[in-house]
Protein chains: 2
Amino acid sequence: MSADTDADALADVPPMRADARRNREQILRAAREVFADQGPDAPLDEIARRAGVGIATLYRRFPHRDDLHRGVAIEVLTALVEAGSRAAAEEDDAQLALRRFMHAALDLKIGSVMPALLGRFTVDEILDGVPGDVVDPIDALLLRAQAQGLVRSDVVFGDITMMIMRLSRPLPGGGRFAADDALAHRQLDIYIDGLRPTGSPRPTTPLGGPAVDVAAFKRLRQRVIDDAREAHSEARADDTGHSDDTGHSDDSGESAAD
Amino acid sequence: MSADTDADALADVPPMRADARRNREQILRAAREVFADQGPDAPLDEIARRAGVGIATLYRRFPHRDDLHRGVAIEVLTALVEAGSRAAAEEDDAQLALRRFMHAALDLKIGSVMPALLGRFTVDEILDGVPGDVVDPIDALLLRAQAQGLVRSDVVFGDITMMIMRLSRPLPGGGRFAADDALAHRQLDIYIDGLRPTGSPRPTTPLGGPAVDVAAFKRLRQRVIDDAREAHSEARADDTGHSDDTGHSDDSGESAAD
DNA sequence: CGCTATGTGGAGAAAATTTCTCCACATAGC
DNA sequence: GCTATGTGGAGAAATTTTCTCCACATAGCG
């Protein structure tokens with residue numbers, strides 16, 4: 001392994017054509033999104049479609065689903081370690097370093113890696129592809145902030161990572177809410193403020209992202225309902241059963257399947 | 001749309017047999033869980049199974065999927081309103097009232113209602129079954145806490161409700177993590193602490209629930225991996241997937257996995 | 001510029017999953 | 001006991017997802 005440019009040279013595999021490599025990256029990026037959105041068993045069609053490639057290309061590059069899991073996991077964990085060490089190095093303030101790391105991790109949608117890490121194949125299989133340790137550097141960020149009294153002492157590793165995993169999934173309801181990612185960052189900021197110790201002099205973080213007040217919530221609800229109604233009426237053309245009121249009707253409505 | 005507790009009296013429908021009513025409730029409870037876990041398109045088999053009834057019973061009671069959506073929505077929203085007014089009435093402290101309401105709402109898994117509310121049928125269809133307004137009483141809890149300076153002023157309705165929706169879904173990874181519900185409450189407590197204004201004298205909330213530190217995380221990871229390996233080796237017995245074609249120069253053939 | 005090894009897309013068969021009906025059997029409630 | 005009401009589960013039908021095959025495209029080289 002003299003130079004990484006010819007990692008291929010060691011194997012008998014000839015170097016990939018440029019467009020093929022580009023496609024491979026598109027697929028991994030799409031897979032990360034789709035796994036985060038829909039879970040590890042998401043249909044592969046969807047991934048190919050989002051990547052803008054044919055299904056055959058996906059299968060050629062990743063013959064089994066687990067190959068895709070592993071590919072995504074390696075990519076994301078590598079970026080995660082990188083984000084952690086960069087945050088630690090570039091932010092003097094330990095709380096800001098932690099905050100910056102958490103937002104970066106959220107952007108990476110590490111929720112997509114969770115399924116791959118937990119229970120598909122050995123940790124080693126993934127970690128062999130990832131430079132350095134993943135867990136301890138993250139914990140170090142937390143410990144440093146705690147040592148300086150910037151984060152309450154009863155917070156632990158899982159309170160950092162598992163929240164990010166949760167936030168990296170879309171809201172329930174089928175991705176109807178457009179500003180989903182921005183809202184996740186807003187919620188993360190509030191959560192991070194909640195990590196401060198009692199009486200901390202640190203001010204609360206100014207909240208960006210979508211402020212969904214009651215009026216906005218009602219507008220949102222109405223808009224989505226209108227959309228759905230429209231989609232529905234397209235789908236049913238001739239509506240045999242009008243919503244005549246019968247309680248939880250046993251057989252009102254369109255049992256006449258169209 | 002009549003309240004179904006005494007719909008029987010008004011309509012020509014004879015009263016339900018006691019066991020049938022019990023089953024209906026079991027189904028709604030199971031549906032709530034399953035919708036929260038897997039989304040609004042979750043397979044109905046799963047719901048019937050969790051409810052401990054046959055699939056036919058489910059179809060008899062709820063001929064269309066939307067009937068089930070509506071039934072769950074009505075039940076959960078009714079309980080939600082009830083929880084809100086109870087919290088407001090019984091807690092003198094406005095911040096504690098808000099906290100108590102949020103934890104109650106999390107237990108209700110209102111994430112399961114979101115899909116039904118957003119885009120399946122009109123709001124009225126649900127709300128006719130729910131006594132009173134849903135949105136404003138919740139907002140009132142927040143406004144009261146803000147008026148007393150117990151919650152920062154830039155927080156809005158959506159910061160309360162949408163976080164609960166998110167927390168009511170399981171962690172990504174296929175429900176492998178047993179203490180999921182308890183972790184959600186722990187995370188919620190941290191989040192609520194983050195709602196306090198700068199310099200608030202209120203102490204942080206003591207954290208219950210699972211404290212997943214680095215050691216626990218590694219143990220958890222290993223345990224799950226072991227489980228999966230076991231399940232895998234049962235399932236494949238013969239299939240030797242050869243997958244050295246990832247073009248990633250990693251020699252570790254995954255076929256060695258077993 | 002033209003050649004060819006490498007790469008691509010999409011149709012569609014095969015497999016897996018999910019829906020939903022039917023009917024023989026069970027039991028609550030009188 | 002009797003019977004109207006309710007039940008479970010088998011399995012056909014419909015839908016979704018997987019995965020292969022092959023005619024066609026183009027990067028990269030001389």
Side-chain angles (χ1 to χ4, degrees), chain A residues 5-6 8 11-28 30-31 34-35 37-69 174 235 241 248-258, chain B residues 7-8 11-28 30-31 34-35 37-69 174 235-236 239 241-243 245-248:
Chain A
T5 51
D6 32 27
D8 1 355
D12 50 355
V13 188
M16 241 183 208
R17 238 167 63 175
D19 54 343
R21 177 165 293 274
R22 207 178 319 118
N23 279 335
R24 185 175 187 280
E25 274 154 26
Q26 293 293 322
I27 291 170
L28 283 176
V34 173
F35 286 151
D37 284 4
Q38 313 196 22
D41 300 320
L44 299 177
D45 291 23
E46 168 81 8
I47 293 173
R49 204 176 47 67
R50 271 215 228 182
V53 305
I55 184 67
T57 299
L58 190 154
Y59 273 98
R60 195 173 312 107
R61 225 43 81 192
F62 302 95
H64 309 293
R65 184 181 284 271
D66 277 355
D67 296 327
L68 202 47
H69 284 152
H248 45 282
S249 63
D250 279 347
D251 67 335
S252 80
E254 76 317 357
S255 57
D258 33 32
Chain B
D8 338 332
D12 53 353
V13 189
M16 241 182 207
R17 235 167 65 177
D19 54 343
R21 177 165 293 275
R22 208 179 318 120
N23 278 336
R24 185 175 187 276
E25 273 154 27
Q26 293 292 323
I27 290 170
L28 283 175
V34 173
F35 286 151
D37 284 4
Q38 312 196 23
D41 300 320
L44 299 178
D45 291 23
E46 168 82 5
I47 293 173
R49 203 175 47 67
R50 271 214 230 184
V53 305
I55 184 66
T57 298
L58 190 155
Y59 273 98
R60 194 173 315 107
R61 225 43 81 193
F62 303 94
H64 310 291
R65 183 180 286 270
D66 276 355
D67 296 326
L68 201 47
H69 284 152
R236 41 165 75 175
D239 176 76
H242 53 295
S243 67
D245 36 11
T246 57
H248 207 64

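Both backbone and side-chain heavy atoms feed into the values below; hydrogens, waters and symmetry mates do not. Owing to the predicted nature of the structure, the values given are computational and were not obtained by experimental measurement.
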Using whole Å, report how far [atom1] of [X] lies from [atom2] of [N].
{"X": "B/Asp66", "N": "C/dT19", "atom1": "CG", "atom2": "P", "value": "13 Å"}
{"X": "A/Arg21", "N": "D/dA27", "atom1": "CZ", "atom2": "P", "value": "16 Å"}
{"X": "A/Arg24", "N": "C/dT6", "atom1": "CZ", "atom2": "P", "value": "18 Å"}
{"X": "A/Leu68", "N": "D/dT18", "atom1": "CG", "atom2": "P", "value": "11 Å"}
{"X": "A/Arg49", "N": "C/dG10", "atom1": "CZ", "atom2": "P", "value": "12 Å"}
{"X": "B/Phe62", "N": "C/dC20", "atom1": "CZ", "atom2": "C1'", "value": "16 Å"}
{"X": "B/Glu25", "N": "D/dG6", "atom1": "CD", "atom2": "P", "value": "14 Å"}
{"X": "A/Gln26", "N": "C/dG9", "atom1": "CD", "atom2": "C1'", "value": "16 Å"}

Which donor-acceptor pairs under 3.5 Å do side chains of residues 48-55 of chain A form with protein atoms, sequence neighbours excluded?
| unit_1 | atom_1 | unit_2 | atom_2 | d |
| --- | --- | --- | --- | --- |
| A/Arg49 | NH2 | A/Glu46 | OE1 | 3.0 |
| A/Arg50 | NE | A/Glu46 | OE2 | 3.4 |
| A/Arg50 | NH1 | A/Glu33 | OE1 | 2.8 |
| A/Arg50 | NH2 | A/Asp37 | OD2 | 3.0 |

Under 4.0 Å: is that the gap between some side-chain N or O of B/Asn23 and OP1 or OP2 of D/dT7?
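Yes, B/Asn23 has a side-chain N/O under 4.0 Å of OP1/OP2 on D/dT7.
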
Rounded to the nearest 0.5 Å, what separates atom CG in B/Leu58 from atom CG in B/Leu28?
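Taking CG in B/Leu58 and CG in B/Leu28, the distance rounds to 9.0 Å.
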
Measuring from A/Arg65:CZ to A/Asp67:CG, what's the distance to the nearest 0.5 Å?
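So the CZ of A/Arg65 and the CG of A/Asp67 are separated by 11.5 Å.
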
What dot-bracket string describes DNA chain C from 5' to 3', counting Watson-Crick and G-U wobble pairs whose defining distances are under 3.5 Å, with [ ] for crossing pairs and | for pairs to another strand?
||||||||||||||||||||||||||||||

Given C/dG9, C/dG7, C/dT21, the nucleotide with the shortest approach to the side chain of A/Ala20:
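Selected nucleotide (nearest to the side chain): C/dG7.
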
Output the single nucleotide from D/dT7, C/dG7, D/dC19 whose closest atom is nearest the side chain of A/Arg60.
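Nearest nucleotide to the side chain: C/dG7.
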
Going by salt bridge (charged side-chain N to carboxylate O under 4.0 Å, His left out), name the residues that satisfy it together with B/Asp19, two or more places apart in sequence or in a different chain.
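For B/Asp19 the salt bridge (charged side-chain N to carboxylate O under 4.0 Å, His left out) partners, ignoring immediate neighbours, are B/Arg17.
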
Run the side chain to side chain donor-acceptor pair (under 3.5 Å) test against B/Gln38 and tell me which residues pass, sequence neighbours left out.
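Side chain to side chain donor-acceptor pair (under 3.5 Å) list for B/Gln38, sorted by chain: empty.
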
Could you list the protein-to-nucleotides 11-18 of chain C atom pairs, N/O on both sides, closer than 3.5 Å?
none

Going 5' to 3' through nucleotides 25-30 of chain C and flagging B where a protein heavy-atom sits under 4.0 Å of the base, S where only the sugar-phosphate is that close, and - otherwise, we get --BSS-

